[in-house]
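The chain is numbered in sequence order, starting from 1. Treat the numbers as computed from the prediction; the structure is a model and nothing was measured. In each ligand, atom 1 is the first atom listed, and ligand 1 is the first ligand listed.
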Amino acid sequence: MIANLEVCDTPETVAHRAADIIEATTRAKPDASLLIATGNTPMLTYAELARRDLDMSRVCAVQLDDYLGIDDEDPRSLYGWLQRSFVEPLGVTRVLRFDPLAPDPQLACEQYAQAVRKLGGIDLAVLGLGPNGHLGFNEPPSNASAPTRSVTLSEASLRSNASYWRGKDVPKSALTAGMDVILAARVRLLLVTGAHKRDILRRVLSEPVTPEVPASYLREGSLTVVADREAAC
Ligand code: PGA
């Protein structure tokens with residue numbers, strides 16, 4: 001299966017195109033389940049969606065990942081980031097989230113996976129690309145059947161996440177939607193911007209599919225990549 005790669009001039013035009021795809025999905029299915037990444041890449045897309053006249057009140061926002069042991073009030077909470085960037089501005093009322101304080105993280109992951117199944121799976125996954133090829137916090141090596149689970153973050157992820165909270169320690173472990181959940185999404189949308197993602201995007205699209213680049217598994221199903229010129233050329 002060849003990925004559909006759409007190259008846009010700028011991160012802003014990536015955001016417009018990605019917002020078009022999300023808008024089309026939610027107009028066709030107002031109660032769609034959307035797997036929603038945080039991170040820097042999709043922020044312009046969510047801001048663009050918030051400018052549109054959309055009723056997102058019935059969609060279910062499914063959290064992609066979160067840090068373990070970080071409460072919602074902590075500025076590093078990815079749930080807090082999801083709330084501020086997506087849930088509140090878009091008037092979303094249904095959220096399926098991780099419990100980052102669960103005494104038994106494994107059980108929390110099983111409950112999350114079961115809740116995703118009860119939703120009927122994911123209609124649209126909105127994904128960013130880790131500099132090391134991770135999806136969510138499915139760190140290399142992760143294969144296509146890696147389940148929802150708690151993980152120890154790689155050095156590469158610790159380094160790149162450090163830029164989100166200047167001066168604060170980056171948590172070292174996390175909960176992530178499994179590769180199985182991500183890859184089963186009916187529509188998979190990968191957003192990639194910036195020259196620093198050029199090499200990893202090339203590996204995702206052109207090198208053999210490998211657990212060392214978890215995002216490369218996206219190519220085994222239908223995939224739309226929306227990238228800016230800096231990342232794609
Ligand atoms: P970024 O993060 O959007 O901030 O580049 C992507 C990721 O690490 O998954």
Engineer: Assess the residue pair W81 and F86 against the criterion (ring pair (Phe, Tyr, Trp, His ring centres under 6.0 Å)); give the C-alpha distance rounded to whole Å, side-chain angles, the decisive distance to 0.1 Å, and a yes or no.
Structural biologist: CA-CA 8 Å; W81 198 354; F86 189 84; over 10 Å; no
Engineer: Backbone or side chain, does any N or O of N40 fall under 3.5 Å from an N or O of ligand 1?
Structural biologist: yes
Engineer: Which bit of L135 is near ligand 1, meaning a heavy atom under 4.0 Å away: side chain, backbone, both or neither?
Structural biologist: neither
Engineer: Before accepting this row, confirm whether a basic side-chain N of the pair E207/R202 lies closer than 4.0 Å to the acidic partner's carboxylate O.
Structural biologist: yes
Engineer: Would you check the N or O atoms of T41, main chain and side chain alike, for any that come under 3.5 Å of an N or O of ligand 1?
Structural biologist: yes
Engineer: Could you check atom 6 (C) of ligand 1 against the protein and tell me its nearest heavy-atom contact, residue, atom and distance included?
Structural biologist: L129 O, 3.6 Å
Engineer: Could you tell me, atom by atom, which parts of ligand 1 come under 4.0 Å of a heavy atom of G130?
Structural biologist: 7 (C), 8 (O), 9 (O)
Engineer: Can we say D20 and R52 salt-bridge, meaning some charged N sits less than 4.0 Å from an Asp/Glu carboxylate O?
Structural biologist: yes
Engineer: What atoms of ligand 1 come closer than 4.0 angstrom to any heavy atom of K197?
Structural biologist: 1 (P), 5 (O)
Engineer: Please work out which of the three classes, parallel, tilted or perpendicular, describes the rings of Y67 and F137, given edges at 30° and 60°.
Structural biologist: tilted
Engineer: Any N or O of Y164 that comes nearer than 3.5 Å to an N or O of ligand 1?
Structural biologist: yes
Engineer: May I ask you to test the Q63-L96 pair for a side-chain heavy-atom distance under 4.5 Å?
Structural biologist: no
Engineer: Counting both backbone and side chain atoms, is some N or O of S160 under 3.5 Å from an N or O of ligand 1?
Structural biologist: no
Engineer: For atom 9 (O) of ligand 1, which protein heavy atom lies nearest, and how many Å away is it?
Structural biologist: H134 NE2, 3.0 Å
Engineer: Tell me whether E230 is salt-bridged to R198, with the criterion being a basic N under 4.0 Å from an acidic carboxylate O.
Structural biologist: no
Engineer: May I ask you to decide whether D228 forms a salt bridge with K197, counting only side-chain N to carboxylate O separations under 4.0 Å?
Structural biologist: no
